[in-house]
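So the structure is just underneath, and the comments pick up after that.
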Amino acid sequence: MSSNLEKTYNHHDVEGRWNSAHWESLGTFDAESSRVIEGDKASYTVLMPPPNVTGSLTLGHVLNHTLQDIFIRYQRMSGREALWLPGTDHAGIATQTVVEKKLRKDGVSRYDLGRKEFLEHVWKWRDEYGGLILKQLRTLGISCDWRRNLFTMDEGASSAVRHAFVSLYRDGLIYRGKRIINWCPVSQTALSDEEVIMKPRKDKLVFVRYALAKRPGEYITIATVRPETILADVAIAVNPEDPRYRDLVGELAVVPIAGRHIPVIADEYVDIDFGTGALKITPAHDPNDFEVAGRHNLPVLSVVGRDGKMIDEFGYAGLDRFEARERITEDLESRGNLVKVEEYEHNVGYSERADVVVEPYLSEQWFVTMKPLAEKALEVVNDGQIRFHPSHWISTYRHWMENIRDWCISRQLWWGHRIPAWYDQEGKIWVAESYEDACHLAGTDKLVQDEDVLDTWFSSWLWPLTTLGWTGKDEDNKDIQAFYPTDTLVTGPDIIFFWVARMIMAGLYFKGDVPFRDVYFTSIIRDMKGRKLSKSLGNSPDPLKVIDAYGTDALRFTIVYIAPLGQDVLFGEEKCEFGRNFATKIWNAARLVFMQREKVFGSSDAFSDLYQGFTPESASLSDAQQWITGRYQEMLGSYHKAFAQFRMNDITRIVYDFFRGDYCDWYLETLKIELDGERDETKNRHAVCLAVYLLEGILKVLHPVMPFITEEIWHHILERDSSESIAHAAMPQAVEGWSDDMPKHFSSVQKIISETRSLRAVFGVPHDMKASLVVSAPEESARRIVTANAHIVTRMTDCSVTIEDGDLPRPPHSASSVVDGNELFMPLEGLISFEKEIARLEKEADNISSYVTRMEKKLSNKGFVDNAPDEVIEGERSKLADAKSNLGKVQASLEVLCN
RNA sequence: GGGUGAUUAGCUCAGUUGGUUAGAGCGCUACCUUGACAUGGUAGAGGUCAGAGGUUCGAAUCCUCUAUCACCCA
């Protein structure tokens, strides 16, 4: 006999036993293209969003990876060749920063070491610490094919990056140009627009007057939040429609401090209502000004350098830009140019990694032309080739795609994929996949490679291809044939532009097909006060500590249960009590079932022989058994439907409700009673088989969410080798029509039990006192059902049960109630103050009669009767009839009591 | 300024195409530890479904406006 479970559930034991190393050594979660190509299995592929190699496990990862694991395990159990592709990304800025910081402690800068030696340090760091996140992910019990783990800097992935760059360049979609880009003065690199976070910031709006060169004593006043860039002004612009300034257009203004003469120009870009309506134009330090300057053929002057310090010729050089701002404001005041200063709150761009204000900076950078890529990528989402869950993200995606700007992909870093572009001695650009190829093209070996590296996302956007072994060079390998396009992508909505959109572009461009079919956007996790989790707030719980305290299964279950599709999640560690309690409940329910199995079956073989061929269809079922089997079928139906609709938290809800509400609270209670009362060995054996059968079904549907505890209990159902896994068991399917055909007798028994318990409680019948219950049922069929289940009613209510036909006069001094047209009486002789019962019945009668009034009004409404569908009207009529009959019975009870 | 979403019990949230006397968990109250489980069981209290209009025989559900909050993009 498979032994019973330990008396108490210990998640450390169970989760230790079925750990990742165990399954990895067995290859349990490895997927093979041969089983798809040569076998007839359908494939199902999930791409892990590569966590940052510098990262450590967060609750966001927990939610995200749990969801991916749920999808992959569900599909694996549903018979598909399920491949989950893991990996990490090299996180250019973050990693380089971490390593530089470490070196700085030893007083060494990357420039001291030189590029080659610095990169050796980074690789060393990565080998030492980069595996942390992967190790932590394994504690989540996730079922990826770890053999295929990929790092974006691996040779295959790097080759793919070079290939992608070269193809895009040759197709004219990559170019190099001098543009205003977002510059991070701390990391000293360019950033893409997406890496800039807009944050509200309080600044001073400074009003400055510029003297007009040809009109002594006259001024034009502008408003700016960046007075330090006045030194780089090349014009003052006004709106051509603005009557205040019309006659000033064409005049020359004198730049304060700098003394330069600049023109007053007219441009529609200027907002008449902002500030004074006159705008200083500083093309080197503002992208919009840059465009204005372009339209008017104005020069471009810079006064802020790479490190955010001034580089002007007017005495501020070397000052930080914010310091210079203060100083210049003071100087403007002393020179009489300062008109006034206003407090001003506006949105300012900060660099994502270093959290400093980005500086618009004019420099030579590499860009990807996005428009042609975006058009196709938008099309496949618009026409449903790729589906978003929840679908409202389509609008955000569309908006971005329709207003897309070119992607700045060069970074002034050392850690990353070096741009495969070389310059010859004339400065001509040669783009090729290798130095040799470039020399060949250029006809010289005197080439110098571009110093910059590519944006990390330039490798991430190839992730659906590189994880399957695409290097850009070969024909499709077997993995690509079998597993591309992938199926489901689970990711946070915060990287919809960074990653999701760009992968779609890359998939279409390089492979001619979408990279995935469904994108599930996860919830964003916040703390109990609704604040974003952040290290600086100290409000992000350490998932490993939560796992230690509550168990992985508990955390996984809880976080999915509380994460509704498309809404933020408020997480507090203590919420995991919910999942932990649920796990304990499962454990204890299984123990009960196994105890009963031990009692009924003598030997392991006897049980296993009967159980292995057992189906509910093959047994003759009691009312309770029919009912629970029907409920099980309904549960399976809604479970699979929820999966098909990506309603992941409903899945946990559906299983939870069935298990607790139906299986434990009702069915297992009746099982105990039936096994106690029944002397028929065959019936008992069938009863146990059904209980185990349903338990096994529950374990299977729960397994994608709680892999550990379900594995453990599954191994106690039959003797199974530790190399076997429930992960490869077949997912149960609902039997068509089962629950429609099954009589629902037990439902009325449940109602009688609940009502009787309620009567006992409301009247305070002492729990240790056996009461008696009289069921007066007018229908013969109802009497039959109650009779058949009388022993269950008795045990579950602590009442002796008498069944009478409907003519029974009310027993004296009885509490009463009505269920499905049957009257329940509970004689309270000598126990209870009757006022209490009278009060209760009066309240009840009030409720019912107000309901009756409403229904009568509704049904006498001509509009309703004429317009509503017949079955609705029928339904309302029968509700009214039921209510009236209940009301009559309650009133009769009242009369009896009052007399 | 443009867009997206939210507002239901003290708290966190369900409520599937309009047709229930609006549900759950946590918390609260009362009672219950002899054999699965107190990380539990049974019963109970608690809601004008943000506000105002509208559509409809009928609105938590559809429409409009308002308020508050959150996020995204300028």
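Residue numbers start from 1 in every chain, and the chains themselves are labelled A, B, ... in the order their sequence lines are given, proteins ahead of strands.
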- Looking only at side chains, do A:Y269 and A:N288 share a donor and an acceptor under 3.5 Å apart?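 The criterion, which ignores hydrogens and geometry beyond distance, is satisfied for A:N288 and A:Y269.
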- Query: Do A:H346 and A:D203 have side-chain N/O donor and acceptor atoms under 3.5 Å apart?
  - Reply: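 Checked: A:H346/A:D203 side chains pair up, N/O donor to acceptor below 3.5 Å.
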- Message: Could you tell me how far B:A70 sits from B:U29 if I compare only their P atoms? Round to whole Å.
- Response: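 Each nucleotide's P atom is 34 Å from the other's.
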- Item | C1' gap between B:G27 and B:C65, integer Å |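 Approximately 37 Å lies between the C1' atom of B:G27 and that of B:C65.
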Nearest listed nucleotide, side chain of [X], among [options]:
X      : options             : result
A:K585 : B:C37, B:C31, B:A43 : B:C37
A:K7   : B:C37, B:C72, B:A14 : B:C37
A:A589 : B:A36, B:C31, B:U4  : B:A36
A:N581 : B:C13, B:G40, B:C73 : B:G40
A:R660 : B:G41, B:G5, B:A36  : B:G41
A:F497 : B:A36, B:C32, B:C72 : B:C72
A:K575 : B:U12, B:C37, B:A14 : B:U12
A:M595 : B:U39, B:U42, B:A36 : B:A36

- Message: Measure CZ/A:F582 against C1'/B:A24 and give the value in whole Å, please.
- Response: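 Atom-to-atom, A:F582 to B:A24, this comes out as 14 Å.
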- Task: Starting from P on B:C37, measure out to OH on A:Y663 and report it in whole angstrom.
- Result: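 About 16 Å, once rounded to whole Å.
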- Message: Any N or O donor-acceptor pair under 3.5 Å from the base of B:A36 to the side chain of A:E669?
- Response: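 Result: at least one qualifying N/O pair found.
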- Task: Tell whether A:K672 reaches the base of B:A36 with its side chain through a donor-acceptor pair below 3.5 angstrom.
- Result: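 Per atom types, the contact qualifies.
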- Query: Is there a Watson-Crick or G-U wobble partner for B:U4 with both distances under 3.5 Å, and which nucleotide is it?
  - Reply: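 Check on B:U4: paired to B:A70, both distances under 3.5 Å.
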- Task: State the pairing partner of B:C26; accept Watson-Crick or G-U wobble contacts with both distances under 3.5 Å, and report none otherwise.
- Result: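 The answer is B:G10, by the H-bond criterion.
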Less than 4.0 angstrom from a charged side-chain N to a carboxylate O is my criterion; do [X] and [Y] meet it?
X      : Y      : value
A:E574 : A:R580 : no
A:D676 : A:R795 : yes
A:R660 : A:D665 : no

- Message: Need the glycosidic conformation of B:U55: syn if within 90° of 0, anti if not. Which one?
- Response: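 That one's anti.
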